[in-house]
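Just so it is clear, the model here is predicted, and its values are computed rather than measured. Nothing fancy with the numbering, it's 1 onward along the sequence.
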Amino acid sequence: MTQLGKLGPIFFFFMIFTPSAFAQDLKCELRSDSGKVSFIAIGRPSALKIHGKGNGATGNAIIKGLGVSGSFNFDLSTLETGMSLRDRHMKEKYLEIAKFPKAELTIVKMAIPGPLSLPSKFEKIPFEGALKLHGVEVSVQGLASVERAGDYCNGTVTFSTKIPQYGIAPPSFAGIKVADDVDVQVVFQSLLKEAP
């Protein structure tokens, strides 16, 4: 048996048990009309839940092997909480969207459990990222879920962050103050393309 013949079974074993061996590099394009961004904040002392929502995020994620990286922007002017006066206070007084119109989430570290092939669905994937808001960048950690559906990738990203870290004064409206912690959710459907 030749040396190559002897190595054949070892090579086959390596390829079968290394998921990234057949992983295709992909580019996921997020559009604002194919998703939504929402947040939940708790008011004090009433424990009132303030639920805000806006358009989807835009940007690109790159999947190389099993690693995921990317950067996404969100237009803060699209946020609504169901009360126009509160929305105006939020955007003009606290977020100051005239100076800081967008929030940006960058994925710093994330790995999917296997190739994003058909069919594939992965839930509660931990990630590390950075959120830039109000001109300040803060490290965040959260969970992501992704599912391949034809030429599209559907997914949800969730994380929590603290308002004071961004140099934003503690928001209050009609005698109700908003707690420091805010839960953020990004829902998206992105077109999958072969990465360049």
State, yes or no, whether a side-chain contact exists between [X] and [Y] at a heavy-atom distance under 4.5 Å.
| X | Y | answer |
| --- | --- | --- |
| Val186 | Val37 | yes |
| Leu76 | Leu133 | yes |
| Leu48 | Ile176 | yes |
| Val140 | Leu105 | yes |
| Met83 | Phe173 | yes |
| Leu30 | Thr58 | no |
| Ile50 | Ile40 | no |

Might you point out which heavy atoms bring [X] and [Y] nearest each other, and give the distance in Å?
| X | Y | answer |
| --- | --- | --- |
| Ala130 | Val108 | N-CG2, 4.2 Å |
| Leu116 | Arg148 | O-NH1, 2.7 Å |
| Ala149 | Asn154 | CB-ND2, 3.8 Å |
| Pro113 | Leu66 | O-CD1, 4.2 Å |
| Ala179 | Arg44 | CA-NE, 3.9 Å |
| Thr106 | Ser71 | OG1-OG, 3.6 Å |

Qualifying residue, where the test is side chain to side chain contact (heavy atoms under 4.5 Å, CB included) with Ile125 and the options are Leu143, Val68, Val146 = Val146
Spatial distance of atom [atom1] ([X]) from atom [atom2] ([Y]) [nearest 0.5 Å]:
| X | Y | atom1 | atom2 | answer |
| --- | --- | --- | --- | --- |
| Leu26 | Leu191 | CG | CG | 10.5 Å |
| Glu29 | Lys193 | CD | NZ | 4.0 Å |
| Ile168 | Lys93 | CD1 | NZ | 13.0 Å |
| Lys109 | Gln141 | NZ | CD | 9.5 Å |
| Ser77 | Leu79 | OG | CG | 8.0 Å |
| Lys36 | Thr156 | NZ | OG1 | 9.0 Å |

[Y] reachable from [X] in the ILVMFWY side-chain graph, under 4.5 Å edges:
| X | Y | value |
| --- | --- | --- |
| Tyr94 | Val184 | yes |
| Phe100 | Ile97 | no |
| Leu192 | Ile62 | no |
| Phe39 | Val178 | yes |

Residues [X], [Y]: salt bridge by 4.0 Å N-O rule:
| X | Y | result |
| --- | --- | --- |
| Lys27 | Glu194 | no |
| Lys102 | Asp75 | no |
| Lys121 | Glu123 | yes |

Worked verdict on Glu128 versus Ser139 for side-chain contact (heavy atoms from CB on, under 4.5 Å) | CA-CA 7 Å; Glu128 297 176 14; Ser139 296; over 6 Å; no
In terms of the angle between their ring planes, are Phe159 and Phe127 parallel, tilted or perpendicular, with boundaries placed at 30° and 60°?
->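 It falls in the perpendicular class, over 60°.
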Are a donor atom and an acceptor atom from the side chains of [X] and [Y] found within less than 3.5 Å of each other?
| X | Y | result |
| --- | --- | --- |
| Ser120 | Glu147 | no |
| Asp183 | Ser160 | yes |
| Asp87 | Thr81 | yes |
| Tyr166 | Thr161 | yes |

Quick one: do Val157 and Gln185 satisfy side-chain contact (heavy atoms from CB on, under 4.5 Å)? Show the steps, please.
-> CA-CA 6 Å; Val157 174; Gln185 182 184 72; over 6 Å; no
Determine whether more than 12 heavy atoms belonging to other residues, nucleotides or ligands lie under 6.0 Å from atom NZ of Lys53.
->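 It does not: Lys53 NZ has 12 such atoms or fewer within range.
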For Tyr152, does the OH atom have more than 12 heavy-atom neighbours from other residues, nucleotides or ligands under 6.0 Å away?
->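 Count not over threshold, so no.
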